[in-house]
2 protein chains.
Amino acid sequence: MKLTPQRKAVFDVILASRDHPTAADIMEHLRNSGQRVSYATVYNSLKYLTNAQLIRELKIGESASRYDARMEAHHHIVCEKCGRVDELLTPLPNEYWQAVTKDTGYDVHDIDIVARGLCPDCRRQP
Amino acid sequence: MKLTPQRKAVFDVILASRDHPTAADIMEHLRNSGQRVSYATVYNSLKYLTNAQLIRELKIGESASRYDARMEAHHHIVCEKCGRVDELLTPLPNEYWQAVTKDTGYDVHDIDIVARGLCPDCRRQP
DNA sequence: GTCATAATCAGACTTATTCTAAATGACGAA
DNA sequence: TTCGTCATTTAGAATAAGTCTGATTATGAC
C-alpha cells in the first residue's frame, strides 16, 4: 500500500513532461485528463515520490517548486527570457568540492548549481 | 529623493547583521529598535536596494528570501542542522563557465551555487 | 467480513509577498 | 510662501504556494 494510483498518476505526469512541472502544472494536467485529484493529494504524492527517490524537488528561485524525474546527479539552467528550465549535465570538478570543504570547514553533503542566461532559441530572436 | 530614511534603515540592518536576514528579521529588528515601518515599505526598500546594487536577494530553497549586503561575487553554504547561512567564497573555475556554455548552448549570464552540509559547530556536537 | 491503518478529499489555514487606495512628504515653480 | 506634482509610506486587503484538519474512503491482515 504505497504507490497508489494517484501517486503513480503524479509520477507519470512528471515523467512524461519534458519541462519541469510545478504542482499547479501537475494538477492542471491531471484535471485535463479527466482525473479528479485534490491539491493535498498532489502535494502528498510529491512528498512521497521525493522520499522514495523517484523524483526530486527543484527550488530555483521561483515562487513555486518544480519537480524532476531525472535522478542522476545534474543541475539546471534557466532561461531569463522564456523561463524554460533545462538540464545542466556538466559535472562540477571534484577539486571544487574539496576546495569548499577546505574553505568553509563544513562537512559538505551536496552542491547545487543554478545557471541563468539566454537559451539557444531566445538568443536567436532579439 | 531616493535613499529615504526608511530605506537606509533597512540597509543598515542588513549591513549590521552578520547572518543573512529575511524580511521578517528586518521588520523585527526595526520594530525592536523603536522604528515604525510597514511591511510594504520593507519590501519596497529591499527592491530599491537590490536595484541599486547595494544588496542582493538570496533564494536558497527556503520559503523566505534572505538579503546580503556583500556584493562581491560569492556563493552560499547552508547548514542542514542549524540553518545558518555562510558565505562561500570559493570561486568557480573559469573552465566550468566555458563548459556550461558549450554543453547547453546558452548565453550564460550567471552561475549560482548553494552548498549544503554540516557547519563546523554542528559537526562537533553529534 | 472485520478491523486497523494509510491515503484521499474539500476546504480552512499559514506564510511570504504583492497590491491598493489613502495619507504624507519633498521639491520645484509661481 | 503656497501650490501642484509625484514619489514614498502606510495599514490592511489580496494573492500564491503550500500545509493542516477532520471526515471519509480504500487497502491489506487477520
Side-chain angles (χ1 to χ4, degrees), chain A residues 1-14 17 19-68 76 78 83 85 114, chain B residues 1-14 17 19-68 76 78 83 85 114:
Chain A
M1 176 160 45
K2 283 268 150 183
L3 185 64
T4 64
Q6 289 89 338
R7 288 172 180 173
K8 177 141 191 350
V10 169
F11 184 46
D12 288 342
V13 172
I14 301 171
S17 127
D19 201 349
H20 300 84
T22 63
D25 294 337
I26 295 168
M27 269 305 275
E28 198 195 329
H29 204 285
L30 291 175
R31 291 248 161 100
N32 286 348
S33 69
Q35 304 182 59
R36 229 190 299 15
V37 243
S38 105
Y39 254 102
T41 301
V42 169
Y43 280 110
N44 169 333
S45 302
L46 291 170
K47 199 159 287 178
Y48 166 81
L49 294 165
T50 304
N51 287 336
Q53 314 243 61
L54 292 169
I55 62 171
R56 55 186 179 124
E57 184 181 8
L58 309 182
K59 297 183 167 189
I60 48 183
E62 299 167 299
S63 41
S65 286
R66 293 174 173 274
Y67 297 87
D68 190 345
H76 296 89
V78 187
V85 178
V114 179
Chain B
M1 178 160 45
K2 282 268 149 185
L3 185 64
T4 64
Q6 289 90 336
R7 288 171 180 175
K8 178 140 192 349
V10 169
F11 184 47
D12 288 342
V13 172
I14 301 171
S17 127
D19 202 349
H20 301 83
T22 63
D25 294 337
I26 295 167
M27 269 305 272
E28 198 194 330
H29 204 286
L30 291 174
R31 290 245 160 103
N32 285 348
S33 68
Q35 305 182 58
R36 231 192 290 25
V37 240
S38 105
Y39 255 101
T41 301
V42 169
Y43 279 109
N44 168 332
S45 303
L46 291 170
K47 199 158 288 178
Y48 166 81
L49 294 166
T50 304
N51 287 337
Q53 312 244 63
L54 292 169
I55 62 172
R56 55 186 180 122
E57 184 181 8
L58 309 182
K59 297 185 167 189
I60 48 183
E62 299 167 300
S63 40
S65 286
R66 294 175 173 273
Y67 296 87
D68 191 346
H76 296 89
V78 186
V85 179
V114 178

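Convention: sequence-line order gives letters A, B, ...; per-chain numbering from 1.
- Under the 3.5 Å distance criterion, the side-chain polar atoms of A/R7 are left unmatched by any main-chain donor or acceptor of A/L49.
- In this structure, CD of B/E62 is placed 16 Å from C1' of C/dT17, rounded to the nearest angstrom.
- For B/N44 (side chain) and B/T41 (main-chain N/O), no donor-acceptor pair under 3.5 Å exists by modelled atom type.
- Comparing D/dT9, D/dT19, C/dA7 by their nearest atom to the side chain of A/T4 picks out C/dA7.
- The B/A23 side chain lies nearest to C/dT17 when the options are D/dA17, C/dT17, D/dT9.
- As judged by a 4.0 angstrom heavy-atom cut-off over every strand, A/S65 is placed among residues touching the sugar-phosphate backbone only.
- Between B/Y39 and B/R7, the residue anchored nearer the 5' end of DNA chain D, judged by the nucleotide with its closest heavy atom, is B/R7.
- Screening A/E28, A/H29, A/Q35 against A/N32 for a side chain to side chain contact (heavy atoms under 4.5 Å, CB included) leaves a single residue, A/E28.
- Rounded to an integer number of Å, the gap from A/R36 CZ to D/dT24 P is 18 Å.
- Straight-line distance from the CG atom of B/N44 to the C1' atom of D/dC6: 14 Å, rounded to whole Å.
- A straight line from NZ of A/K8 to P of C/dT8 spans 14 Å, rounded to a whole angstrom.
- The nucleotide whose nearest atom lies closest to any side-chain atom of B/T41 is, among C/dT17, D/dT9, C/dA16, D/dT9.
- Here the side chain of B/Q6 is nearest to one of D/dA17, D/dT9, C/dT18, namely D/dT9.
- B/E57 and B/S65 form a side-chain donor-acceptor contact under 3.5 Å, judged by distance and modelled atom types alone.
- In this structure a side-chain-to-backbone donor-acceptor pair under 3.5 Å is missing from B/H76 to B/L58.
- Here C/dA6 presents its P atom at 17 Å from CG of A/L3, a figure rounded to the nearest Å.
- Straight-line distance from the CZ atom of B/R31 to the C1' atom of D/dT10: 11 Å, rounded to whole Å.
- Note: OH (B/Y43) to P (D/dT8) measures 19 Å, nearest angstrom.
- Taking atom CG of A/L30 as the reference point, atom C1' of C/dC9 lies 15 Å away to the nearest angstrom.
- With D/dG12, C/dT17, D/dT9 as the choices, the nucleotide that has an atom nearest any side-chain atom of B/A64 turns out to be C/dT17.
- Nearest nucleotide to the side chain of A/S38, out of D/dT19, D/dT9, C/dC9: C/dC9.
- Listed candidates were C/dT18, C/dT8, C/dA16. Nearest to the side chain of B/K47 is C/dT18.
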